[in-house]
Amino acid sequence: MKLLVLLLVFCSGHAFSQTWISKTIGGNWGFTVSPVKQFVIDPYRNSMWFVLDGTASVIESDGSYRIFEKVELESAFTGENLFFVFTPNHIYYKVDLVGLKSFDGYFPVDLYSNSDIGHMVTDSDTVFFDPSGSSSIYKYHESGTINTYFSGGNYFQRKNGITYIDAGLIAYADAPWPSPLAILQNDPDYLLAPFTEFKFSRFTDNLYIAQETGISYAYKEDVLGNLTPSNTTNMPSPDVRMLEFDMNDNLWAGFADANGDLFALAMLDGTNWTNIYDATNSPIDFSEFRGFQFDTLNNIWVAEMHKLHTIENQNSPQWLS
């Protein structure tokens, strides 16, 4: 395991309305890890994770930088599709040809062996995942018990006992397997357009769905409404490709242009889209974009293939200075 000191590079040569700070995070194999597979912030330990094929790195809350080689993650091949999730007490990850592992103290422990695990989420102290060869979603409780729970889908989300699955269409699953399903598309308030992802609000149990014509939002089987250019102002584009919620539970979205390419991030304030960041007022290179997250101090972090950006403010971590 390597420990590196962060080297920060201040943006210059651009007339940005706010002070952005950028750091080089990729480009030198074996020294830095580009977040090709995943960029995520642990909401319990406030650490940032960057995941590549078979390797991963983390920026701790104190600014120290750790890189985990294949041997440390017990991964042996390229393309392992590593993926990390977190609970208040534990760190978990999956790896192809191996299965589910815990990573507490940065030491891998086998929890469930399977050749492939697809999507994986956490709800309180439980990990939900879909193993290959199974049509069901499994749940792993931190006590060590594993049970079959819901009939599976390609993608799913769960919070406070509420589960939605991607069964070709987004469906609310209101009972353990085999689960009766309520298809959200059947609600007249649901936008009839392809979706890219769906995600729960940070403070509520409402589900938000990113779609090519806007955002639909629901609670259990009821679609509560939608967000489009016709009922909000300054929406950068109707084509929404990704969703995030900051620590104040404000909805943020990533927007695509007419060609389907991501070009802007923005926050919804009531019915008005604000804090719109694009190539004109930020250093973000959307052609290299890999995701954006909010830390526990509500700082925004934007990851590219080889750069990490944030906006300097009074809540910025001390190691940025």
Side-chain angles (χ1 to χ4, degrees), residues 35 37-41 83 85 118-121 153-159 162-173 182-246 248-278 284 286-287 289-294 300-303:
K37 297 295 185 182
Q38 185 187 22
F39 168 60
V40 64
I41 293 179
F83 188 82
V85 295
H119 191 54
M120 191 166 68
V121 301
N154 297 325
Y155 180 78
F156 57 93
Q157 293 287 358
R158 180 180 169 89
K159 181 181 179 184
I162 299 174
T163 304
Y164 289 91
I165 68 171
D166 172 9
L169 299 170
I170 299 177
Y172 164 66
I183 305 297
L184 296 188
Q185 180 177 297
N186 296 333
D187 192 295
D189 290 322
Y190 184 83
L191 295 174
L192 297 178
F195 64 88
T196 52
E197 72 168 354
F198 47 92
K199 188 168 294 186
F200 281 101
S201 161
R202 189 180 293 271
F203 291 165
T204 74
D205 294 337
N206 291 345
L207 185 83
Y208 286 73
I209 304 108
Q211 298 173 265
E212 291 184 2
T213 57
I215 300 169
S216 298
Y217 54 98
Y219 175 71
K220 294 187 175 180
E221 71 272 20
D222 296 323
V223 178
L224 305 178
N226 53 66
L227 304 166
T228 68
S230 64
N231 59 22
T232 63
T233 57
N234 297 321
M235 194 170 188
S237 162
D239 191 347
V240 182
R241 295 303 174 100
M242 60 190 318
L243 303 170
E244 288 294 340
F245 292 88
D246 65 22
N248 296 321
D249 208 28
N250 294 310
L251 170 64
W252 290 71
F255 298 89
D257 59 21
N259 296 321
D261 298 323
L262 201 72
F263 77 98
L265 306 177
M267 183 192 83
L268 184 65
D269 183 4
T271 59
N272 183 44
W273 291 95
T274 66
N275 297 66
I276 300 174
Y277 301 124
D278 57 24
I284 303 170
F286 284 95
S287 67
F289 183 86
R290 290 298 182 271
F292 73 109
Q293 295 271 295
F294 291 88
I300 186 172
W301 299 87
V302 181

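The chain is numbered in sequence order, starting from 1.
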Closest non-hydrogen contact found for Phe263 with Asp257 is CD2-N, 3.4 Å
Under 3.5 Å, is there a donor-acceptor pair between the side chain of [X] and the main chain of [Y]?
| X | Y | value |
| --- | --- | --- |
| Arg202 | Asp246 | yes |
| Gln157 | Phe200 | no |
| Asp249 | Phe203 | yes |
| Gln211 | Ser216 | yes |
| Lys159 | Thr204 | yes |
| Asp187 | Asp189 | yes |

Assess the side chains of Ser201 and Asn206: does a donor N or O sit below 3.5 Å from an acceptor N or O?
no
Give a yes or no on whether a salt bridge exists between Lys220 and Asp222, defined as a side-chain N under 4.0 angstrom from a carboxylate O.
no
Can you tell me how far CG of Asn275 sits from CD1 of Ile300, rounded to the nearest 0.5 angstrom?
8.0 Å
Does the gap between the ring centers of Tyr155 and Phe198 come in under 6.0 Å?
yes
Between Leu251 and Trp273, does the side chain to side chain contact (heavy atoms under 4.5 Å, CB included) criterion hold? Intermediate values first, please.
CA-CA 10 Å; Leu251 170 64; Trp273 291 95; 4.3 Å; yes
Parallel, tilted or perpendicular: which describes the rings of Tyr277 and Trp252, with under 30° parallel and over 60° perpendicular?
parallel
So do Phe286 and Leu265 actually touch side chain to side chain, heavy atoms under 4.5 Å?
yes
